[in-house]
Amino acid sequence: MAYITHCIFDMDGLLLDTERVYTEVTQQILDKYTDGVKFTWDVKSQLMGRSGNESATMVVETYKLPMSVQEYLEITAIIQEDLFPHAKLLPGVEKLIRHLHAHDIPIAVATSSTRAKFELKTSLNKEIFELFDVIICGDDAQIKNAKPAPDLFLAAQKHFGNPPAENCLVFEDAVNGVEAALNAKMNASRVVWIPDENIKALTGDKDHGATLVINSMAEFEPEAFSLPPYK
């Protein structure tokens with residue numbers, strides 16, 4: 001196994017419990033504009049990791065909402081501004097991030113979120129996110145395509161100084177994100193997939209190319225990837 005020197009993390013649903021907010025916001029809109037339609041995981045799983053515009057377009061078209069994509073984005077933004085600042089870290093996240101930082105392992109966030117939404121979502125946990133060496137957001141100039149395109153991970157790798165892909169470990173919760181890592185040639189390295197239980201129920205035993213599939217960051221064992229072990 002390649003020696004891991006750098007780690008790249010998705011954010012929504014992996015580091016922060018924000019996917020719950022996206023579900024709540026979307027359901028609020030469906031409750032108002034449809035006749036009892038539910039926002040189901042077969043649709044949600046396709047949105048995860050994509051850009052805001054792509055996700056909004058899919059929701060508006062899938063549920064035939066009586067509004068433009070821009071109107072949908074404006075409505076959701078108002079609700080999200082109230083909810084995102086309360087987003088909490090998911091189990092095991094703080095321990096791992098502090099551990100990697102303490103051992104001088106370069107770490108990056110590679111998120112489809114815009115820079116403004118990143119600031120909103122991380123406001124409760126600024127101290128933890130200040131430990132990251134690199135923050136790549138979906139509206140950064142170098143990002144032309146959202147996941148499953150590899151742009152976000154390639155940008156993080158470049159900001160690290162272009163270490164070999166085989167030395168980079170990617171953490172993801174979305175199928176689109178795992179595919180993005182593979183498209184960035186991170187399959188020469190390793191991809192840790194931590195899917196929501198609802199996604200696991202949809203995909204069964206498929207690992208989508210991930211090296212390791214676990215239920216929570218709290219289950220991650222650094223030494224399994226040549227990283228310093230917890231003490």
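Among L15, L14, V134, the one residue that satisfies the side-chain contact (heavy atoms from CB on, under 4.5 Å) test with V109 is L15.
Hydrophobic cluster membership differs between W41 and I29, with clusters built from Ile, Leu, Val, Met, Phe, Trp and Tyr side chains linked at under 4.5 angstrom. Hydrophobic clustering places L169 together with I105 (ILVMFWY residues linked when any side-chain heavy atoms are closer than 4.5 Å, directly or through intermediates). Grouping the Ile, Leu, Val, Met, Phe, Trp and Tyr side chains by contacts below 4.5 angstrom, directly or via other members, places V175 apart from V43. Cluster annotation: F118 and V93 are assigned to the same hydrophobic cluster (Ile/Leu/Val/Met/Phe/Trp/Tyr, side-chain heavy-atom contacts under 4.5 Å, transitive). The hydrophobic cluster containing I128 also contains L100, counting ILVMFWY residues as joined when their side-chain heavy atoms lie under 4.5 angstrom apart, directly or transitively.
Other residues, nucleotides and ligands contribute over 12 non-hydrogen atoms within 6.0 Å of the NZ atom of K126. E197 CD: 12 or fewer foreign heavy atoms inside a 6.0 Å radius.
Using a cutoff of 4.0 Å between basic side-chain nitrogens and carboxylate oxygens, R98 and E94 are scored as salt-bridged. Between D196 and K44 there is no salt bridge, since none of the side-chain N atoms of the basic residue sits less than 4.0 Å from a carboxylate O of the acidic one.
Checked by atom type, the side-chain pair S51/N53 shows no donor-acceptor distance below 3.5 Å. For the residue pair Q142 and H159, a side-chain donor N or O sits within less than 3.5 Å of a side-chain acceptor on the partner. Remark: the N183 side chain and the E179 side chain contain no N/O donor-acceptor pair separated by less than 3.5 Å.
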Side-chain donor-acceptor contacts of residues 79-88 below 3.5 Å, not counting sequence neighbours, with atom names and distances?
from, atom 1, to, atom 2, distance (Å)
Q80, OE1, K117, NZ, 2.7
H86, NE2, D82, O, 3.4

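A heavy-atom distance below 4.5 Å is found between the side chains of F160 and I8. The closest side-chain heavy-atom distance from M217 to P91 is not below 4.5 Å.
In plain terms, the two heavy atoms of K147 and E54 that are nearest each other are O-OE1, 4.2 Å.
In this structure a side-chain-to-backbone donor-acceptor pair under 3.5 Å is missing from D133 to A108. Between the side chain of N125 and the backbone N or O of T122, no donor-acceptor pair lies under 3.5 Å. Formation of a donor-acceptor pair under 3.5 Å by the N176 side chain with backbone atoms of Q46 is found in this model.
Note on ring orientation: taking the six-membered ring where Trp is involved, the planes of H99 and H103 are tilted (angle from 30° to 60°).
Atom CG in D139 sits 10.5 Å away from atom OG in S112 (nearest 0.5 Å).
For residues 57-80, there are no ring-ring contact (aromatic ring centres under 6.0 Å, His included) pairs, not counting sequence neighbours.
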